[in-house]
Trainee: 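Pasting a structure here, questions to come.
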Amino acid sequence: MHDKILSAAEKLETLMTETLARLCRIPAVSPHNGGTGEDAKISELEKIIHELGMSKATIKIERVEDSKSPSGCRSSMFLEYPGRRSRRLCILTHIDVVPEGDLSSWTHDPFDPIVKGSRLYGRGVSDNGACLVASLFALKAILDSGLEPEYTVLLAFVADEEMGSHFGLEPLLERNIFRNDDLVVVPDAGNDRGDFIEAAEKAMLKLAFTVTGKQVHASTPHKGVNACRAANMLAYEVDEALHKAFTEENNMFTYPFSTFEPTRRFANVPAVNIVPGRERFDFDCRVLPEVNLDDVIDIVMKISRDVEAKTGAKIDVEIDRTDAAPVTSPGSDVVKLLTKCVHDVLNVEPVTGGIGGGTFAALFRRKNIPAVVWSQEYEDAAHQPDEFTEIKYIVNNAKVFALMMMG
């Protein structure tokens with residue numbers, strides 16, 4: 001049975017590639033990022049599903065109001081196909097893409113995909129088109145084999161992932177579309193070997209500091225308050241204190257420590273002979289789940305008050321926090337099923353671990369629905385000029401998803 005399904009997936013390689021190219025030709029950029037949204041791509045995807053002959057599938061469009069969208073809403077699509085069991089395998093991909101960026105950095109039209117060698121090039125073919133197509137053709141491979149899936153299959157093609165899921169998964173999770181016993185796979189990250197299953201994410205803390213002093217001529221610094229010096233002191237002391245206070249190590253993560261990185265620094269004054277009266281800079285912090293973000297913030301605020309007292313500058317801190325979601329247990333049904341199927345297709349032993357970035361799998365985990373992130377993909381292609389996917393990875397992902405559907 002397995003060999004029959006895998007063979008069927010291989011025979012669909014050309015059609016998968018053509019389908020991905022067909023979808024890529026329709027930009028689905030957020031209206032909050034200069035685009036027109038997902039509606040046109042959703043319509044094309046619905047045509048494709050009907051062409052594939054999935055007569056038993058139930059298709060439902062879920063819309064979320066968005067005043068910036070030409071249609072007044074953002075559309076996501078759900079395809080449900082009955083299996084022998086009522087328990088569902090849910091595979092979530094996102095239909096939106098990021099803008100093309102600097103066109104001069106591309107060697108071809110980002111929305112006119114081309115095949116070169118073993119790769120398909122175009123905006124969104126990696127993020128997240130390849131896995132979207134793979135999830136759909138996994139079901140097609142089962143049906144072409146004359147079989148029916150073991151699990152009921154729910155394929156979700158959702159909007160607005162690239163801009164934070166505010167018009168996509170976030171409100172959709174409040175509509176009781178998903179169940180607590182769903183097996184949820186989010187194929188929105190991965191590596192070349194396909195041997196990493198993401199089951200945990202660090203908390204995220206973004207800190208924006210504004211330091212206000214008094215601008216004066218550099219020849220009379222005693223008449224002012226040097227915001228640059230106060231900002232330098234603040235950045236150094238925050239950096240030192242956080243790294244000293246939070247030394248926990250968690251080997252579930254590739255980089256097993258919390259990170260506290262000074263990143264963006266804004267321009268201050270236009271000339272060298274001016275003592276600046278205002279400085280702005282940011283920190284990006286990725287914090288292990290076992291660390292309490294309140295403790296991190298307490299240290300930041302204490303140091304800010306201390307630097308104010310030392311320098312006479314005024315310090316404001318804007319805090320954007322995302323607490324860590326619960327970890328999906330390595331012993332959960334979805335991890336065990338995915339691990340077995342990856343091994344059967346790719347002949348590797350997947351490692352279950354965590355990442356420092358954020359995915360919308362965390363939204364499921366916060367609803368106590370275990371979710372994992374996995375795919376075989378080239379790690380550095382997404383969001384880049386000349387974005388590409390390896391065509392064989394589309395087929396491999398379809399094989400894994402098909403075996404999961406078969407239980």
Side-chain angles (χ1 to χ4, degrees), residues 5-26 28 38 40-62 75-83 88-97 113 120 122 124-145 147-159 161 168 177 182-188 190 338 341 345 374-377 389-406:
I5 294 171
L6 299 184
S7 176
E10 290 172 359
K11 291 175 183 176
L12 292 167
E13 178 181 311
T14 299
L15 186 54
M16 282 192 245
T17 306
E18 291 171 351
T19 301
L20 179 52
R22 180 175 166 182
L23 290 170
C24 177
R25 293 189 184 98
I26 306 172
E38 301 83 1
K41 203 171 206 177
I42 285 285
S43 295
E44 189 68 14
L45 181 58
E46 190 168 13
K47 291 178 188 175
I48 290 167
I49 292 168
H50 288 303
E51 290 169 12
L52 293 177
M54 298 180 177
S55 57
K56 289 186 180 179
T58 300
I59 297 172
K60 186 176 182 181
I61 307 293
E62 291 281 348
S75 299
S76 298
M77 178 188 288
F78 294 84
L79 180 158
E80 186 162 343
Y81 195 94
R88 301 186 306 186
L89 172 68
C90 303
I91 302 177
L92 266 90
T93 52
H94 62 87
I95 200 159
D96 60 318
V97 302
L120 176 69
V125 297
S126 172
D127 185 20
N128 194 210
C131 285
L132 185 156
V133 168
S135 68
L136 183 60
F137 277 81
L139 181 57
K140 171 70 172 170
I142 292 172
L143 301 182
D144 284 358
S145 301
L147 301 168
E148 62 177 327
E150 179 69 18
Y151 291 106
T152 293
V153 175
L154 180 65
L155 303 182
F157 313 107
V158 299
E161 188 273 345
I177 296 169
D182 284 341
L183 304 167
V184 177
V185 181
V186 180
D188 197 25
L338 178 56
C341 295
V345 173
W374 174 87
S375 67
Q376 184 183 27
E377 67 173 30
T389 185
E390 291 283 351
I391 293 170
K392 69 177 181 181
Y393 291 176
I394 309 173
V395 178
N396 287 344
N397 290 333
K399 290 178 178 180
V400 171
F401 298 152
L403 293 191
M404 292 188 76
M405 293 172 186
M406 296 303 298

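Throughout, numbering of the chain's residues begins at 1 and tracks the sequence. Just so you know, these numbers use all the heavy atoms, side chains as well, and skip hydrogens, waters and symmetry mates.
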Trainee: Using every non-hydrogen atom in the two residues, find where Phe401 and Ala138 come nearest and quote the distance to one decimal.
Mentor: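 Closest approach of Phe401 to Ala138, heavy atoms only: CB-CB, 3.6 Å.
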Trainee: For Leu52, run the side-chain contact (heavy atoms from CB on, under 4.5 Å) check against Asp144, Leu139, Leu136 and tell me which one passes.
Mentor: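 Result: among Asp144, Leu139, Leu136, Leu136 is the only option passing the side-chain contact (heavy atoms from CB on, under 4.5 Å) with Leu52.
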Trainee: Given Ile394, which of Leu132, Leu20, Thr19 fulfils the side-chain contact (heavy atoms from CB on, under 4.5 Å) condition?
Mentor: Leu20
Trainee: To the closest 0.5 Å, what do you measure between CG (Asn397) and OG1 (Thr389)?
Mentor: 7.5 Å
Trainee: Grab the two heavy atoms, one from Lys56 and one from Pro82, that are nearest each other, plus how far apart they are.
Mentor: O-CD, 3.6 Å
Trainee: About how many Å separate OH of Tyr151 and CE of Met404, when rounded to the nearest 0.5 Å?
Mentor: 8.5 Å
Trainee: Give, for atom CD1 of Ile49 and atom CE of Met54, the distance between the pair rounded to the nearest 0.5 Å.
Mentor: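 The distance works out to 7.0 Å.
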Trainee: In Å, rounded to the nearest 0.5 Å, how long is the span from CD1 of Ile95 to CG of Leu23?
Mentor: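 Ile95 atom CD1 to Leu23 atom CG measures 6.5 Å (nearest 0.5 Å).
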Trainee: Is any side-chain heavy atom of Trp374 less than 4.5 Å from a side-chain heavy atom of Val400?
Mentor: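 Heavy-atom side-chain distance check passes, below 4.5 Å.
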Trainee: Begin with the C-alpha distance, continue with both residues' side-chain angles, and end with the deciding distance and a verdict on side-chain contact (heavy atoms from CB on, under 4.5 Å) for Met405 and Ile91.
Mentor: CA-CA 10 Å; Met405 293 172 186; Ile91 302 177; 4.0 Å; yes
Trainee: Please name all residues satisfying side-chain contact (heavy atoms from CB on, under 4.5 Å) with Leu6, sequence neighbours left out, ordered by chain then number.
Mentor: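 Only Val345, Lys399, Leu403 meet the side-chain contact (heavy atoms from CB on, under 4.5 Å) criterion with Leu6.
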Trainee: In a table with atom names and distances, give each donor-acceptor pair under 3.5 Å that connects a side chain of residues 124-131 to protein atoms at least two apart or in another chain.
Mentor:
| residue | atom | partner | partner atom | Å |
| --- | --- | --- | --- | --- |
| Asp127 | OD1 | His94 | NE2 | 2.9 |
| Asp127 | OD2 | His383 | NE2 | 2.8 |
| Asn128 | OD1 | His94 | N | 2.9 |
| Asn128 | ND2 | Pro187 | O | 2.8 |
| Asn128 | ND2 | Asp188 | OD1 | 3.4 |

Trainee: Of all the heavy-atom pairs spanning Ala9 and Met16, show the shortest one and how long it is.
Mentor: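 The pair with the smallest heavy-atom distance is O-CE, 3.3 Å.
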Trainee: Partners of Glu18 by side-chain contact (heavy atoms from CB on, under 4.5 Å), sequence neighbours excluded?
Mentor: Thr14, Leu15
Trainee: Report the C-alpha separation of Ile59 and His50 in whole Å, then their side-chain angles, then the decisive distance to 0.1 Å, and conclude whether the side-chain contact (heavy atoms from CB on, under 4.5 Å) test is met.
Mentor: CA-CA 10 Å; Ile59 297 172; His50 288 303; 4.2 Å; yes
Trainee: Could you give the distance from OG (Ser43) to CD1 (Ile48), rounded to the nearest 0.5 Å?
Mentor: 11.0 Å
Trainee: Kindly give the heavy-atom pair with the smallest separation between Asp96 and Val158, and that separation in Å.
Mentor: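 Reported closest heavy-atom pair: OD1-O, 3.9 Å.
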Trainee: Indicate the atoms forming the closest heavy-atom contact of Glu150 with Met406, along with that distance.
Mentor: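 The pair with the smallest heavy-atom distance is CB-O, 3.3 Å.
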Trainee: Taking side-chain contact (heavy atoms from CB on, under 4.5 Å) as the test, write out the residues that go with Cys90, two or more places apart.
Mentor: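 Once residues adjacent in sequence are excluded, the partners of Cys90 under the side-chain contact (heavy atoms from CB on, under 4.5 Å) criterion are Arg88, Leu92, Leu154, Phe178, Asp182, Val184.
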Trainee: Do Val97 and Lys41 have side chains that approach each other closer than 4.5 Å (heavy atoms only, starting at C-beta)?
Mentor: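 Sidechains of Lys41 and Val97: in contact.
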Trainee: Partners of Tyr393 by side-chain hydrogen bond (donor to acceptor under 3.5 Å, both in side chains), sequence neighbours excluded?
Mentor: Asp192
Trainee: Check salt bridge (Lys or Arg N to Asp or Glu O under 4.0 Å) between Lys60 and all other residues, then give those that pass, not counting sequence neighbours.
Mentor: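 Only Glu62 meet the salt bridge (Lys or Arg N to Asp or Glu O under 4.0 Å) criterion with Lys60.
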Trainee: Please report the closest heavy-atom contact between Ala8 and Ala141, naming both atoms and the distance.
Mentor: CB-O, 3.6 Å
Trainee: Starting at CD of Glu38, measure out to CD1 of Ile61 and round the result to the nearest 0.5 Å.
Mentor: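 Output value for this atom pair is 11.5 Å.
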